[in-house]
2 protein chains.
Amino acid sequence: MPASTRASGEVPHRAEAERRRAGRPSSAVLDKAGITAAALKLIEKNGYNGLTMAALARSLNVAPSALYNHVTSKDDVLLLVEDHLAALVDVSPFGREPWDEAVRQWAWSYRDVFAQHTPLIPVIAVLPVTDAPQTLAMYETVSAGFRDAGFPAEQIIPAIVALESFIFGSAYDVTAPADIFDPGDMAGSTPNFTGAVESLARLGHERPADVAFALGLEVLINGFGALRKH
Amino acid sequence: MPASTRASGEVPHRAEAERRRAGRPSSAVLDKAGITAAALKLIEKNGYNGLTMAALARSLNVAPSALYNHVTSKDDVLLLVEDHLAALVDVSPFGREPWDEAVRQWAWSYRDVFAQHTPLIPVIAVLPVTDAPQTLAMYETVSAGFRDAGFPAEQIIPAIVALESFIFGSAYDVTAPADIFDPGDMAGSTPNFTGAVESLARLGHERPADVAFALGLEVLINGFGALRKH
DNA sequence: ACCACTAAATGAATGCCATTCATTTATACG
DNA sequence: CGTATAAATGAATGGCATTCATTTAGTGGT
């Protein structure tokens, strides 16, 4: 990211010389990779509230309007970030581990990545995979894993979608406050719920979100596993 | 909602006379119920993009700043809407139907309600139940249904959370565009994924989101059903 | 070595948004 | 009857994504 090494207030296009010396053909200060990297750094430091087009431009020593030569909208930036994160999801267990263990490791990895990035979930859910090559690559690997495990072809997508839905929903749970289930002054009128919450709290120090995710995931793996033809 | 029957541009507090005649003690033009109803009407007509504090105030014949005497923020409005919707989720099968059928009907109802209101999902996920009495009431009924079906107390909350996570994730799927799985020009490099998508498309006219939801839900019901002590 | 073309930058302006605050109004209460 | 209070007003604020006319700098052709 050469742009970020320039002092602010310099004249435009100054980075071009460096860029050509480095063998890159483009004459632009900005490109999608640089924008993505800067956006991620911004999100890590200040969260998604800190990701504004103005802040993103400032971190790249560029005017906000310059970004629009490379992305069409802020949603486009979010899409770039999403696709970058998709590459961080660990699909390596497929082909190495047995199917059930591969799904388990993939699902935990997937949830953990997006638990840190829940504001992306509404974007992903409506996102045509065409626009997200890394995401598509993940689907390809997972699909192959399901096929090789003996899954009927027409059940592969539904099973993956169901798992993904569970994963996205569970990613939100990770970010929930610890007292989310505190019934407050309604405890008296909700004895069953309150009792259930207390009996869970009584035994475990494990995060409730992790208990629920583990429980649901094992059930899904078990149930889907039975669909395979050996 | 008497306020909405007043012509616009009238003098303030004009609705008070009506209000007292109707037996209501409050002297306010606005209240939470009226705000909630107006917000819902606005959402139905123009979607969540149409729900702005200004538009909400206009629909109530009131200045935007007046809203802040009754809610602390726009998120507060969303919370009111969410809790109203929670009351629309059908929990009546619990106590009437067998456990598995009750869960099935509840889950479909829950998904269908929030598929129309996905922008609320990020709000719900982080929402302490204390602030949402209708939501809490739903949890109470469901918890009772699980307990009566022989569920171990400490598993009830994890099971409900897992189901809810799956439901929220699946609600997003309903809103996804039909071509979401079209691999475009990457079809050649993703044979397994593309094949899986095609073999699903080949057989069914059912919405993919419904196929995946049905599949995942049945697996979850089956797996959780096995946890019960008879 | 020049010139025209084009991609990519600038910065000013736009319009929308949630939210705040000093002020005013109308009702309830002592 | 006057005073306190809840609830309204409307003007102002600051932040935001996005647009656009303009300028800049490097590319490729002659």
Side-chain angles (χ1 to χ4, degrees), chain A residues 2-3 6 8-35 38-39 42 46-79 119 123, chain B residues 2-3 6 8-35 38-39 42 46-79 119 123:
Chain A
R6 294 188 287 125
S8 87
E10 280 179 330
V11 300
H13 295 194
R14 141 86 172 69
E16 180 53 21
E18 297 172 17
R19 209 161 250 273
R20 259 177 305 130
R21 239 180 287 122
R24 264 165 298 175
S26 160
S27 68
V29 174
L30 296 174
D31 60 10
K32 293 198 182 202
I35 290 173
L42 221 45
N46 305 325
Y48 277 85
N49 284 350
L51 181 63
T52 70
M53 295 302 272
L56 185 54
R58 188 160 4 96
S59 80
L60 289 161
N61 290 316
V62 129
S65 50
L67 296 169
Y68 289 87
N69 287 319
H70 303 271
V71 297
T72 68
S73 65
K74 183 178 179 179
D75 266 12
D76 207 5
V77 174
L78 294 179
L79 193 154
V123 178
Chain B
R6 294 188 287 124
S8 86
E10 280 182 328
V11 301
H13 294 195
R14 141 89 172 68
E16 180 52 21
E18 296 171 19
R19 210 160 249 275
R20 258 176 308 131
R21 240 180 287 121
R24 264 163 299 174
S26 162
S27 69
V29 175
L30 296 174
D31 61 8
K32 294 200 182 200
I35 291 173
L42 221 47
N46 306 324
Y48 277 85
N49 284 349
L51 181 64
T52 70
M53 296 302 272
L56 185 54
R58 189 160 2 96
S59 80
L60 289 161
N61 289 317
V62 130
S65 50
L67 296 169
Y68 289 87
N69 286 319
H70 304 269
V71 297
T72 68
S73 65
K74 183 177 179 179
D75 265 12
D76 206 6
V77 174
L78 293 180
L79 193 155
V123 177

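The chains referred to below are lettered A, B, ... by the order of the sequence lines, with proteins before strands, and numbering in each begins at 1. Note: hydrogens, waters and symmetry copies are ignored here, and every other heavy atom, side chains too, is used.
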Distance, rounded to the nearest Å, where [X] contributes [atom1] and [N] contributes [atom2]:
X	N	atom1	atom2	result
B/Leu67	D/dG10	CG	P	14 Å
B/Lys32	D/dA7	NZ	C1'	15 Å
B/Asp76	C/dA18	CG	P	14 Å
B/Asn46	C/dC16	CG	C1'	15 Å

Subject >> Distance test, side-chain N/O of A/His70 to OP1/OP2 of C/dA7, below 4.0 Å >> reply: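 No, A/His70 has no side-chain N/O under 4.0 Å of OP1/OP2 on C/dA7.
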
Over all heavy atoms of both residues, which pair between [X] and [Y] is shortest? Give the atoms and the distance, please.
X	Y	result
A/Leu60	A/Gly34	CD2-O, 4.0 Å
B/Ile35	B/His70	CD1-CB, 3.8 Å
A/Ala38	A/Ser59	CB-OG, 3.7 Å
B/Ala63	B/Ala57	C-CB, 3.7 Å

Original post:
With sequence neighbours left out, what residues match A/Asp75 under side chain to side chain contact (heavy atoms under 4.5 Å, CB included)?
Top reply: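 For A/Asp75 the side chain to side chain contact (heavy atoms under 4.5 Å, CB included) partners, ignoring immediate neighbours, are A/Ser73, A/Leu78.
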
Subject >> Contacts of A/Ala66 that satisfy side chain to side chain contact (heavy atoms under 4.5 Å, CB included) - sequence neighbours left out >> reply: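 Partners of A/Ala66 by the side chain to side chain contact (heavy atoms under 4.5 Å, CB included) criterion, ordered by chain and then number, come out as A/Leu30, A/Val62.
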
**OP:** Starting at the 5' end of nucleotides 15-22 of chain D, put B wherever the base has a protein heavy atom under 4.0 Å, S where only the sugar-phosphate does, and a dash everywhere else.
**Re:** -SSBBB--

**OP:** Spell out yes or no: do the side chain of A/Asn69 and the base of C/dA7 have one donor N/O and one acceptor N/O closer than 3.5 Å?
**Re:**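 No pair found.
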
